[in-house]
2 protein chains.
Amino acid sequence: MRDKRSKQDGDDEPSTRPRFLQIADKIREKIERGDLTVHDILPSERSLSEQYNVSRMTGRRALEALETEGLVYNADRRGRFVSPKRLNYNVSNMVSFVVNAQTNEFDLEINVIEAAESIADSRLAALLEQPEECDVVQYTRLFHSGNHPIFIETEYLIAERFPDFLDHDLRQSTAQILEKSYNTSANTGDIVIRMRGVQAHEAQLLNIAASHTVIELEQVIRDDKGTPFCFGRQVWRGEMAEFSAHAIVTR
Amino acid sequence: MRDKRSKQDGDDEPSTRPRFLQIADKIREKIERGDLTVHDILPSERSLSEQYNVSRMTGRRALEALETEGLVYNADRRGRFVSPKRLNYNVSNMVSFVVNAQTNEFDLEINVIEAAESIADSRLAALLEQPEECDVVQYTRLFHSGNHPIFIETEYLIAERFPDFLDHDLRQSTAQILEKSYNTSANTGDIVIRMRGVQAHEAQLLNIAASHTVIELEQVIRDDKGTPFCFGRQVWRGEMAEFSAHAIVTR
DNA sequence: TGATTAACCTGGTATATACCACCTAGGCTA
DNA sequence: TAGCCTAGGTGGTATATACCAGGTTAATCA
C-alpha cells in the first residue's frame, strides 16, 4: 500500500514515536479541543487506515490505545465513541451515593440483574462475622447512565437481620430501604480498591472487551455498634471511576 | 499452517471463546497452580505459537491479555515474567507508608529522579492555599522492589515553610524529615484515586508499554491546624496497587 | 402499512510475513 | 584477564489478507 518510511522523509519530528500512537495523539487532540464531544462517533478502523494511509491493524491499534486509556468506548460492532465524564464516588459518603448521583448532573439508572437468597461461603461469613454457611440475601445490580454501563454492584446482607428484603424494589438506594424498613444505617466501612482484569460475565454486562481492566471496590459496612451487616463489591469501568476520600491520619 | 477450525471438530467445549483467550487461560492456570511463580519467565511469543500451533500474533495476544490483567509483566525485549504480589497502601496511614513497607515483607527502594525548586502553577497554588506563583520544592521519586518498579511519587512542598529541604537525603520517608527537622506532620488528607492512561515518561520509568493504564492517587496533606503543606501525586502500576481505607460515614 | 430481507457497515479473530531495536550470553581478541 | 563483538533470542511495529458475527439501514415484499 505504501513504501516503508525511512528516516530521511521529513514528515514528522519524533519519527521514533510509533505511527499508531501518533494517530492516537491526533484523535486525542480532537477530543481535547472539543472537535469531538461525549458520545460522538469516531472514525472507523477502515476509514482511519485510508485517511492516514496505514493498514487497518495500525488504525485499530490507535483506537485501541485510546480505548484502554478510557477516552473512547466501544459498542460492540457499532463503532467507537467518545467516553462520558467520570463519576466521582466519595467513599466517606457510601450511604447516599445513589441519591447524590441522581440529584447531580448524572442520572443513574439501575437494572437488577439477580436477586436471591443463598448461603455464605467461608470468606463472606468471616467478613460478616457470622458462622459459616449462614443465610444471606444477595443481589446484583447494574448502574448505568443512558445505556452507558458504569459499574456492577453485588451486595450481601445477613438474611436473618433483614427479613423479606427482596420484596422491596431494588431499583433505588438500598441504604434508604435499610434505614426506613429496618432502622439500620451505615456508620463505618472498611474499603479496598484495586485494579484487576475483568471476568467474562462482567465484561458482558459492562460492555467492554474480555481482555480489559476494571476497578474493584470491596467494602464491609458496619452499623453504629460496629457490627457488620453488609458486604458489597463494585466492579467499575476504569475510566468511569474516580474515588475520593478524606483521610484522618491514625497513629 | 493449520486449517480453519469449524464447529464440528470436537476439541474444546467453548469453541466460541477466542483462541488467544483459551491460551491465556491455560497460562493463567499454571500461574494459579504455582507451576509458575513470581518472576518466573513465561514462554516467548514464538515458542507459544509453536506449542499451540497458532500464529505469533495469536500467542502475543494471549500474553498481552495476561499483561493488561496484571498477572504478567514485560521487561522490554527480555521476555515476560510472572508479576509479584500487590502492595497494600492504607490511605489513613500516609505518614508511615515507607516505614511500613520497609519493615514488612516488601522492601521498598527509592530512586530520586528529580529534585528542584520551582514555581507553583495556578492549580497547585490553589490546592496549597497559597498565592499564585509561590515558590515550591518539588521532587520525584521512583519506588521499586528489587528492580521491579511499583510507583512514581511527585510531591510539592511550600518552599517558604521548609527551608533547605533538598539538602536532606530523599531516599527515605519524607514524613520523617518533616517531623524531625520541621516539626510538621500529616494530620488529614484529601485523596482522589483514579485509573487513567499512562504518559510516555511515566511508562518509561515504570517499565510498561505506552498504551497501558495506571492508577493515579493525588492527595493534599494538611497539618494539625488544617493548613495544607504538601501536594502529592502517585502513579502506580495498576497491578501493584491496592488501596485500603477505613471510612466513617459523614451525614 | 408493517414485516422481512439483503446489502453494507462495524469490529473480532486469525494467519503469514517482514524488519527493527534491544538484550544477553558466549566466544574471541588484545 | 578484561573488554569487545557477534549471533541468536525477545518483543515492537507494521503490512496485507481473509473470513466471521453482529448491528444498521434501506429496499422489498406481502
Side-chain angles (χ1 to χ4, degrees), chain A residues 1-7 9 12 14-25 40-68 72-81 147 200 203-204 207-212, chain B residues 1-7 9 12 14-25 40-68 72-81 147 200 203-204 207-212:
Chain A
M1 184 181 262
R2 64 199 302 278
D3 53 341
K4 205 74 192 172
R5 68 180 38 235
S6 33
K7 311 294 178 189
D9 65 345
D12 308 87
S15 90
T16 60
R17 190 161 173 84
R19 196 83 183 89
F20 76 93
L21 286 180
Q22 293 179 29
I23 296 173
D25 291 343
D40 279 0
I41 191 166
L42 296 165
S44 72
E45 298 175 357
R46 286 170 177 86
S47 70
L48 259 194
S49 73
E50 286 178 24
Q51 188 180 337
Y52 290 98
N53 201 11
V54 295
S55 78
R56 182 184 154 205
M57 288 309 286
T58 302
R60 179 189 181 77
R61 291 194 65 186
L63 291 168
E64 277 179 340
L66 296 169
E67 220 177 306
T68 71
V72 160
Y73 70 92
N74 178 330
D76 194 41
R77 276 163 255 252
R78 281 196 295 119
R80 290 187 173 87
F81 305 83
N147 282 327
Q204 201 174 5
N207 213 339
I208 57 180
S211 55
H212 269 200
Chain B
M1 183 180 264
R2 64 198 301 278
D3 53 342
K4 206 71 192 173
R5 69 180 37 231
S6 35
K7 312 294 180 188
D9 66 345
D12 309 85
S15 92
T16 60
R17 189 160 173 85
R19 197 82 184 90
F20 76 93
L21 286 180
Q22 292 179 30
I23 296 173
D25 291 343
D40 279 0
I41 191 164
L42 296 167
S44 72
E45 298 175 357
R46 286 170 178 87
S47 70
L48 260 192
S49 73
E50 285 178 24
Q51 186 180 338
Y52 290 99
N53 202 10
V54 295
S55 77
R56 182 183 153 204
M57 288 308 287
T58 302
R60 178 188 180 78
R61 291 193 67 186
L63 292 168
E64 276 178 339
L66 296 170
E67 219 177 306
T68 70
V72 160
Y73 69 92
N74 176 331
D76 194 40
R77 277 164 253 251
R78 282 195 297 119
R80 289 188 172 88
F81 304 84
N147 283 327
Q204 202 174 6
N207 213 340
I208 57 180
S211 54
H212 269 198

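All values below were derived from every heavy atom in this structure, side-chain atoms included, with hydrogens, water molecules and symmetry-related copies excluded. Below, chain A is the first sequence line, B the second, and so on; all start at residue 1.
- Between A:Asn147 atom CG and D:dG23 atom P the separation is 13 Å, expressed in whole Å.
- Here D:dT15 is the nucleotide among C:dG11, D:dG12, D:dT15 with the atom lying nearest to any side-chain atom of A:Ser55.
- Distance A:Glu64 CD to D:dA14 C1': 14 Å, rounded to the nearest Å.
- Summarising the geometry, the separation between CZ on A:Arg61 and P on C:dA14 is reported as 17 Å, rounded to the nearest angstrom.
- In this structure, of C:dT10, C:dT13, D:dG11, it is D:dG11 that holds the atom nearest to the side chain of B:Arg60.
- In summary, of the residues considered (B:Val72, B:Ile23, B:Asp25), a side-chain contact (heavy atoms from CB on, under 4.5 Å) with B:Leu66 occurs for B:Val72 alone.
- Of the two residues near DNA chain C, A:Arg46 and B:Thr58, the one whose nearest nucleotide lies more 5' is A:Arg46.
- Going from atom CE of A:Met57 over to atom P of D:dG12 covers 15 Å, rounded to whole Å.
- Straight-line distance from the CG atom of A:Asn74 to the C1' atom of C:dG11: 7 Å, rounded to whole Å.
- The shortest side-chain heavy-atom distance between B:Glu45 and B:Met57 does not fall under the 4.5 Å cut-off.
- Atoms CG and CG, on B:Asn147 and B:Asn207 in that order, are 9.5 Å from each other to the nearest 0.5 Å.
- Between the CZ atom of B:Arg61 and the CZ atom of B:Arg19 there is a distance of 13.5 Å, given to the nearest 0.5 Å.
- Residue-to-nucleotide contacts include no donor-acceptor pair under 3.5 Å from the side chain of B:Arg19 to the base of C:dA14.
- Whole-Å rounding puts the B:Arg78 CZ to D:dG11 C1' distance at 12 Å.
- The distance between atom CG of B:Asp76 and atom C1' of D:dG9, rounded to the nearest whole Å, is 14 Å.
- Nucleic acid contact class of B:Arg80 (heavy atoms, under 4.0 Å, all strands): sugar-phosphate only.
- One can place CZ of A:Arg56 at 8 Å from C1' of C:dT10, the figure rounded to the nearest angstrom.
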